[in-house]
Structures are given as C-alpha cells and as structure tokens.
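Reviewing the structure listed below.
All figures in this text were calculated on a predicted structure; none of them were measured in a lab. The first residue in the sequence is number 1, and the count goes up from there.
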Amino acid sequence: QVQLVESGGGLVQPGGSLRLSCAASGFTLDYYRIGWFRQAPGKEREGVSCISSFDGDTYYRDSVKGRFTISRDNAKNTVYLQMNSLKPEDTAIYYCAADPRIQTNPERLCSYGMSYWGKGTLVTVSS
C-alpha cells in the first residue's frame, strides 16, 4: 500500500527553523518526483518545493527561495524540507506528495501534478 507520512511540524517563533520529514512506504522514492505543498487557512494549496526523480533539479516558490531546502535520502526512502528564517506567512498545513511521471522543466516540477499525497503536518509560526 502506497503511503506518505509527514512529521516535524509544530509551533515555532518567527526566525526559527523546522525540518519536515516525509517517509514513503509501498514504493521506492528513487523513481518519483517528490514535492512539498502547503495550504494556509482560506487559501488554495500551493507548491512550495519539488525535486526531480532523475537529475536532482529543484523548484522553489519565490517566497521561500534562500530559506527552504528540499532533499531526499533514497536509502531511507525519505524526503526532507529544511525551513529556516520562518515567517508568520509560512503558517500552513504542509503536505508531501509524489508522482512517477518525469518532468524535465524545473519550473513545472510542482505544477505537473502529483499522484500520491500524505495527510499533512501543521506548521505554525507565531510569537
């Protein structure tokens, strides 16, 4: 059974850091395009950062560039999102997602669509 389970969310003060983890089971992440998405209250879900399956290309939305880093550990079948310099506007439920289709355009790594989704982890940035 394909499953993605996020962890690492919580309450953090502005300027703080969190590392989100997404553990995959039922399939091998090596061959999947993987991403982190978020949805804030009253807003649509948006792609935060995604990484390709074959060349390591990454995508970051403009508002997180320089602050967030996506990485994958294929040996652990896990993907991470390191979030630094967090801002109140980063508050959202963060979802991990994966898809086997190859996308060669880095700008479309998140928008090309995802087949599998986790249930999300809540990140709250507040003083």
Side-chain angles (χ1 to χ4, degrees):
Q1 181 180 0
V2 171
Q3 195 171 15
L4 294 168
V5 179
E6 303 95 336
S7 61
L11 173 64
V12 62
Q13 292 187 342
S17 297
L18 282 175
R19 188 177 81 154
L20 305 183
S21 299
C22 174
S25 59
F27 67 104
T28 303
L29 275 179
D30 301 35
Y31 308 109
Y32 282 70
R33 178 169 44 93
I34 314 165
W36 288 95
F37 297 74
R38 68 186 180 188
Q39 187 166 20
K43 295 188 176 181
E44 293 187 354
R45 186 174 61 195
E46 60 187 19
V48 176
S49 179
C50 293
I51 186 167
S52 75
S53 57
F54 66 101
D55 61 3
D57 269 350
T58 55
Y59 162 85
Y60 296 93
R61 68 182 302 106
D62 286 346
S63 60
V64 307
K65 285 180 181 178
R67 300 189 298 122
F68 290 11
T69 303
I70 189 171
S71 62
R72 60 197 299 167
D73 186 335
N74 291 337
K76 295 183 178 180
N77 221 29
T78 300
V79 62
Y80 304 97
L81 185 68
Q82 178 66 42
M83 306 187 295
N84 299 328
S85 302
L86 282 161
K87 305 175 181 180
E89 51 264 42
D90 295 318
T91 295
I93 298 175
Y94 283 71
Y95 299 91
C96 173
D99 191 273
R101 294 170 295 174
I102 292 174
Q103 173 54 250
T104 58
N105 183 348
E107 290 300 312
R108 294 201 65 198
L109 285 173
C110 283
S111 62
Y112 195 54
M114 296 290 186
S115 297
Y116 305 115
W117 292 84
K119 294 183 178 181
T121 185
L122 177 63
V123 172
T124 304
V125 185
S126 175
S127 55

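Residues satisfying the salt bridge (Lys or Arg N to Asp or Glu O under 4.0 Å) criterion with Lys65, sequence neighbours excluded, are Asp62. In this view, Tyr116 and Phe27 satisfy the ring-ring contact (aromatic ring centres under 6.0 Å, His included) rule, not counting sequence neighbours. With sequence neighbours excluded, no residue satisfies ring-ring contact (aromatic ring centres under 6.0 Å, His included) with Tyr95. Arg38 is linked by a salt bridge (Lys or Arg N to Asp or Glu O under 4.0 Å) to Glu46, Asp90, counting only residues two or more places apart in sequence or in another chain. Contacts of Ser111 classified as side chain to side chain contact (heavy atoms under 4.5 Å, CB included), with partners at least two apart in sequence or in another chain: Arg108.
No side-chain donor-acceptor contact under 3.5 Å links Arg72 to the backbone of Gly56. Gln39 places no side-chain N or O within 3.5 Å of a backbone atom of Ala92 that could act as its donor or acceptor partner. Formation of a donor-acceptor pair under 3.5 Å by the Asp99 side chain with backbone atoms of Ser115 is found in this model. A side-chain donor-acceptor contact under 3.5 Å links Thr91 to the backbone of Val125. A donor-acceptor pair under 3.5 Å links the side-chain atoms of Arg61 to the main chain of Gly47, judged by distance alone. The main-chain N or O of Gln82 is never found under 3.5 Å from a side-chain atom of Thr69 such that the two would form a donor-acceptor pair.
The minimum heavy-atom distance linking Gly9 with Val123 is given by the pair CA-CG2, 4.1 Å. Heavy atoms only, all atoms of each residue included: Gly120 and Ile93 are closest at CA-CG2, 3.9 Å.
For the pair Ser25 and Asn77, the minimum side-chain heavy-atom distance is 4.5 Å or more. Counting heavy atoms from C-beta on, the side chains of Pro88 and Pro14 come closer than 4.5 Å. Considering only heavy atoms from C-beta on, Leu11 comes within 4.5 Å of Ser126 through its side chain.
Met114 is not connected to Val64 by any chain of hydrophobic side-chain contacts under 4.5 Å among Ile, Leu, Val, Met, Phe, Trp and Tyr, and they are in different clusters. With hydrophobic clusters built from ILVMFWY side chains whose heavy atoms lie under 4.5 angstrom apart, Met83 shares a cluster with Tyr60. Transitive grouping of hydrophobic side chains (ILVMFWY, heavy atoms separated by less than 4.5 Å) brings Leu18 and Leu81 into a common cluster. Cluster annotation: Leu109 and Tyr31 are assigned to distinct hydrophobic clusters (Ile/Leu/Val/Met/Phe/Trp/Tyr, side-chain heavy-atom contacts under 4.5 Å, transitive). Leu20 and Tyr32 fall within the same hydrophobic cluster, defined by Ile, Leu, Val, Met, Phe, Trp and Tyr side-chain heavy atoms under 4.5 Å apart, directly or through other members.
Annotation: Trp117 is in aromatic contact with Phe37 [ring centroid separation under 6.0 Å].
Environment of CZ in Phe54: crowded, with over 12 heavy atoms of neighbouring residues, nucleotides or ligands closer than 6.0 Å.
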Residue pair Leu86, Phe68: steps toward the side-chain contact (heavy atoms from CB on, under 4.5 Å) verdict | CA-CA 9 Å; Leu86 282 161; Phe68 290 11; 3.8 Å; yes

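Put simply, CG on Leu4 and CG on Leu29 are 7.0 Å apart, with the number rounded to the nearest 0.5 Å. The CD atom of Gln103 sits 10.0 Å away from the OG atom of Ser53 when rounded to the nearest 0.5 Å.
Geometrically, Arg33 does not engage Tyr112 in a cation-pi contact defined by less than 6.0 Å to the ring centre and at most 45° from the axis.
Under the disulfide (SG to SG under 2.5 Å) criterion, the residue pairs touching residues 93-127 are Cys22-Cys96, Cys50-Cys110, with sequence neighbours excluded.
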